[in-house]
Amino acid sequence: MTTTIIGFPRLGELRELKFETEKYFRKEISTDELQAFAKELRKKHWQVVKDAGIDQIPSNDFSFYDNTLDTSVLFNIIPKKVKDLGFDSLEEYFALARGYQGEKGDVHALPMKKWFNTNYHYLVPQFEKTTKIQINSTKIVDEFLEAKELGIVTRPVILGPFTLLQLGQYHDGTTSADFAADLLTAYQEIFEKLATAGAEWIQIDEPGLVVDLTAEDITRFKEFYTTLLANKKGLKVLLQTYFGDIRDIYQTVTALDFDGIGLDFVEGKETLNLVSNQGFPQDKTLFAGVINGKNIWTNNYADTLDLVSKLPQNKVLTTSCSLLHVPYSVGNEEFSKEIKQYFAFAKEKLTELVALDSTDQTAIEQNKQIFQQDRITANQALQNKIAQLSDADFVRLPAFSEREALQAELLKLPKLPTTTIGSFPQTKEVKVTRGKFKRGEIDQASYDSFIAQKIDDCLAFQEEIGLDVLVHGEFERNDMVEFFGEALDGYLFSKNGWVQSYGTRGVKPPIIWGDISRSKPITVQWSKYAQSKTEQIVKGMLTGPVTILNWSFPREDISIKESTYQLALAIQEEVLDLEANGIRIIQIDEAALREKLPLRQTDWYSEYLDWAIPAFRLVHSKVQAETQIHTHMCYSEFEDIIQAIDQMDADVISFEASRSNLALLDALNQNNFQTQVGPGVYDIHSPRIPSVDEIKTTIKKILEKIPTDKVWINPDCGLKTRGEKETYASLKNLVIAAKDIREVL
């Protein structure tokens with residue numbers, strides 16, 4: 001056997017790429033300086049992988065923002081409006097990623113969606129009538145040559161044409177068929193350029209094969225690759241899949257002239273059966289994804305070697321997906337040695353692959369001892385409580401229509417009530433002060449005084465511009481999941497466990513170490529304080545159990561359903577405490593509801609929605625009818641699970657909608673969605689400031705689809721990552737636009 005990986009984290013060991021790129025955004029460094037830094041970072045990462053003993057090393061897995069965006073740029077899939085700005089290549093690239101508002105024009109960022117079943121986000125390719133597919137970038141060849149100069153012959157990686165066309169959005173009456181021929185020609189040119197540069201292999205990623213495929217999909221894939229593989233220009237071609245199995249197209253794939261086929265043996269429920277029962281061609285190499293690329297627990301070598309023994313001889317050991325989805329190294333953490341032995345981040349997973357490949361008996365024996373000892377002591381009382389839950393525990397009474405009428409009478413909100421999603425900008429001052437408090441440089445009283453003043457200022461601004469339902473700003477919170485995890489029993493927290501979410505945005509998922517319970521109130525202090533400072537309603541802000549679970553690294557020794565129910569009971573206690581302290585609107589965010597939704601529709605309910613939706617209902621089932629429950633969801637496609645979302649039985653749901661052109665609204669109508677909705681009226685992930693007229697146009701589009709008495713006006717996500725200047729200007733415009741529409745109504 002030999003070893004490889006699908007991809008490596010690119011933010012850097014300590015998020016170096018994030019900080020340098022943000023310097024570039026602030027014009028503190030030049031394009032050349034940013035490119036030089038990136039080149040050194042790539043060199044470091046290739047050397048780390050090589051030094052670990054990995055045999056085959058990928059290249060072009062690096063990106064300044066997103067690999068799907070890189071592929072769009074490579075093939076000139078760039079909206080005309082962005083092309084017309086006349087930028088150089090890197091400026092144009094970031095205009096696509098972040099939007100642009102300045103002297104040269106005003107363009108929105110590309111739509112952003114979740115990358116399959118992960119918390120990573122990709123930028124959606126936009127195909128227009130004017131789109132001319134052609135080679136527009138030398139990045140894939142340049143990075144191969146960079147590594148070659150270092151003495152490392154890499155395997156260049158590129159997103160495949162099937163998935164690229166599958167993920168794209170089509171405008172001006174175009175369809176994917178309009179671009180297939182030119183795209184095929186462009187891929188053939190890439191083959192030729194890489195072969196000329198000295199490449200031996202190319203890795204073509206096609207995660208789009210692990211979803212439900214139609215006969216038409218299979219035919220399209222076969223036709224494309226039959227032509228592409230007919231002249232490989234001397235390259236060996238690896239078809240790489242991940243996030244599931246390819247049961248619908250396995251026989252087609254194995255019959256095609258691929259030299260290697262990468263299959264996921266971690267999330268691919270049917271992968272072993274496919275290989276065992278239908279066979280694997282002897283003239284191809286099986287790239288066996290046996291190391292979990294999405295979770296951070298140490299691999300159980302005995303189990304994995306048992307799996308490997310069932311596979312054909314012609315194989316390479318690899319990860320189940322790119323290591324982009326895990327932190328850089330356990331070596332950067334301050335856990336005790338006893339705890340560290342249970343974790344493997346990206347760098348440690350390289351070591352695991354090498355140990356499995358060499359069947360290092362010392363390493364195998366040490367690994368065996370880890371799994372022979374009890375890691376935690378179970379909370380038996382909590383487990384019993386979950387076992388005793390009945391149907392009544394998941395039902396809120398009275399019914400929605402009765403609650404809606406009662407809440408309207410008591411809350412006395414105007415038409416089109418305005419609010420925000422919760423967080424306000426986390427300025428440098430906020431982060432520095434929080435850091436001083438954590439390090440013990442200031443005491444609790446000083447920190448509390450600082451937070452109180454920030455809340456006072458935030459409330460005053462909201463009152464000044466005329467928002468109807470206020471928030472306290474969440475200045476005391478580092479992250480919407482980590483903040484809650486820190487207050488719950490059963491969690492561990494890394495110091496440098498950063499994972500890329502999108503662009504320069506990193507998240508640091510907490511680790512579910514044991515059974516989860518709440519020992520004291522988490523948010524009551526500051527929610528109660530904020531409400532005491534104003535006559536207007538202040539929302540209590542919580543993160544829901546499914547999102548906390550999905551944005552944590554979950555346990556592997558119990559089901560995620562059981563962990564989620566533990567979280568639901570803990571957050572339920574918090575909801576009831578907020579209500580008891582006079583908080584009349586409580587928002588329970590489920591931003592990541594869709595994240596672990598199975599990629600195959602046949603598994604949606606049986607494996608996920610049948611417990612994820614009840615988990616949310618469990619959180620708010622005991623509140624009074626007068627208490628209005630909100631939730632928020634963002635950056636996923638929700639149209640096909642609208643009925644399930646309605647079954648969450650919230651009173652108000654706000655959605656990300658601005659980047660998806662309000663496509664969700666049709667689905668709400670078609671499914672007779674009963675819940676009040678707040679479709680986001682502007683995109684907060686871009687620094688551009690929407691004008692009053694722009695927001696008014698968006699509101700009018702919403703009102704064409706949704707009854708006025710069902711609509712709330714809000715941004716499409718929290719404002720934590722934005723600057724104060726753009727935030728305040730955008731919110732002022734939002735309120736003016738809503739009031740203007742209100743007057744017309």
Side-chain angles (χ1 to χ4, degrees), residues 5-15 45 48-49 52 54 115-120 242-243 264-267 289-301 303-304 317-356 363 366-367 370-371 373 375-376 479 481-482 485-486 488 490-501 506-516 547-560 563-564 567 592 595-596:
I5 58 173
I6 294 172
F8 196 72
R10 53 192 180 234
L11 279 184
E13 187 168 9
L14 299 172
R15 294 184 292 162
H45 290 171
V48 165
V49 178
I54 298 297
W115 180 245
F116 292 85
N117 56 356
T118 74
N119 185 30
Y120 178 75
Y242 37 84
F243 302 146
D264 181 352
F265 287 86
V266 175
E267 288 190 275
V290 297
I291 294 288
N292 192 332
K294 286 169 68 174
N295 213 345
I296 44 79
W297 298 95
T298 294
N299 181 270
N300 187 322
Y301 288 176
D303 290 347
T304 302
L317 298 187
T318 184
T319 52
S320 64
C321 62
S322 171
L323 296 177
L324 168 73
H325 306 291
V326 293
Y328 188 90
S329 175
V330 178
N332 296 321
E333 302 306 327
E334 298 175 347
F335 299 129
S336 67
K337 183 179 179 181
E338 290 72 25
I339 289 177
K340 279 187 178 181
Q341 66 180 331
Y342 291 101
F343 298 139
F345 294 178
K347 197 172 177 181
E348 289 71 40
K349 290 180 188 293
L350 305 177
T351 304
E352 290 185 331
L353 281 167
V354 173
L356 289 167
Q366 290 174 345
N367 179 269
I370 293 173
F371 290 92
Q373 55 194 354
R375 185 173 59 79
I376 61 166
D479 173 84
V481 172
E482 186 172 4
E486 287 174 343
L488 296 170
Y491 265 96
L492 287 180
F493 302 90
S494 65
K495 181 181 180 182
N496 291 295
W498 296 97
V499 178
Q500 187 176 20
S501 178
V507 293
K508 189 155 60 71
I511 300 163
I512 302 180
W513 176 258
D515 290 334
I516 301 162
T547 293
I548 295 178
L549 185 284
N550 286 346
W551 284 353
S552 302
F553 288 118
R555 293 166 64 177
E556 293 183 335
D557 57 327
I558 65 172
S559 70
I560 57 174
S563 281
T564 306
L567 283 161
E595 193 157 303
K596 282 189 171 57

Next on the checklist: Can you tell me how the ring of Tyr120 sits relative to the ring of His325, calling it parallel under 30°, perpendicular over 60° and tilted otherwise?
Outcome noted: perpendicular
Next on the checklist: Does the plane of the ring in His45 sit parallel, tilted or perpendicular to the ring in Tyr328? Use 30° and 60° as the thresholds.
Outcome noted: tilted
If you define the side chain from C-beta out and look only at heavy atoms, does anything of [X] sit under 4.5 Å from [Y]?
{"X": "Val354", "Y": "Ile54", "answer": "yes"}
{"X": "Trp551", "Y": "Asp479", "answer": "no"}
{"X": "Pro554", "Y": "Asn295", "answer": "yes"}
{"X": "Glu267", "Y": "Asn117", "answer": "yes"}

What's the shortest heavy-atom distance between [X] and [Y], and which atoms?
{"X": "Phe8", "Y": "Ala346", "answer": "CE1-CB, 4.1 Å"}
{"X": "Ile296", "Y": "Pro327", "answer": "CG2-CD, 3.6 Å"}
{"X": "Gln500", "Y": "Leu324", "answer": "OE1-CD1, 3.3 Å"}

Next on the checklist: Could you walk me through whether Tyr342 and Ile511 satisfy the side chain to side chain contact (heavy atoms under 4.5 Å, CB included) test, starting with their C-alpha distance in whole Å, then the side-chain angles of each, then the deciding distance to 0.1 Å, before giving a yes or no?
Outcome noted: CA-CA 11 Å; Tyr342 291 101; Ile511 300 163; over 6 Å; no
Item to check | ring-ring contact (aromatic ring centres under 6.0 Å, His included) against Phe335, all qualifying residues, sequence neighbours excluded | outcome: Phe343
Checklist entry - Quick one: ring-ring contact (aromatic ring centres under 6.0 Å, His included) partners of Phe265, sequence neighbours excluded? => result none
Determine whether a donor-acceptor pair (N or O, by modelled atom type, separation under 3.5 Å) exists between the side chain of [X] and the backbone of [Y].
{"X": "Thr319", "Y": "Ile5", "answer": "no"}
{"X": "Glu333", "Y": "Lys495", "answer": "yes"}
{"X": "Thr318", "Y": "Gly289", "answer": "no"}
{"X": "Asn550", "Y": "Ala592", "answer": "yes"}
{"X": "Glu352", "Y": "Ile291", "answer": "no"}
{"X": "Glu348", "Y": "Phe345", "answer": "yes"}
{"X": "Asn367", "Y": "Asn299", "answer": "yes"}
{"X": "Lys294", "Y": "Ser320", "answer": "no"}

Next on the checklist: Checking Ile512 against Ile548 for the side chain to side chain contact (heavy atoms under 4.5 Å, CB included) test, could you report, in this order, the C-alpha distance in whole Å, the side-chain angles of both residues, the deciding distance, and whether it holds?
Outcome noted: CA-CA 10 Å; Ile512 302 180; Ile548 295 178; 6.0 Å; no
Reported [atom1]-to-[atom2] distance for the pair [X] and [Y], which is rounded to 0.5 angstrom:
{"X": "Cys321", "Y": "Phe243", "atom1": "SG", "atom2": "CZ", "answer": "5.0 Å"}
{"X": "Ser563", "Y": "Ile560", "atom1": "OG", "atom2": "CD1", "answer": "8.5 Å"}
{"X": "Trp498", "Y": "Leu11", "atom1": "CH2", "atom2": "CG", "answer": "10.0 Å"}
{"X": "Phe371", "Y": "Asn300", "atom1": "CZ", "atom2": "CG", "answer": "4.5 Å"}
{"X": "Ile516", "Y": "Leu567", "atom1": "CD1", "atom2": "CG", "answer": "3.5 Å"}
{"X": "Leu488", "Y": "Glu486", "atom1": "CG", "atom2": "CD", "answer": "10.0 Å"}

Next on the checklist: Between Glu482 and Lys508, does any NZ, NE, NH1 or NH2 come within less than 4.0 Å of an OD or OE carboxylate oxygen?
Outcome noted: yes
Checklist entry - Looking at Arg375 and Asp557, does any basic side-chain N land under 4.0 Å from a carboxylate oxygen? => result yes
Checklist entry - Would Asn119 and Val507 satisfy side chain to side chain contact (heavy atoms under 4.5 Å, CB included), going step by step from the backbone distance to the final call? => result CA-CA 9 Å; Asn119 185 30; Val507 293; 3.8 Å; yes
Checklist entry - Could Arg555 and Trp297 be counted as a cation-pi pair, given that NZ or CZ must be under 6.0 Å from the ring centre and within 45° of the axis? => result no
Checklist entry - When you look at Tyr491 and Ser552, which way does the side chain to side chain contact (heavy atoms under 4.5 Å, CB included) test go after all the steps? => result CA-CA 9 Å; Tyr491 265 96; Ser552 302; 3.0 Å; yes
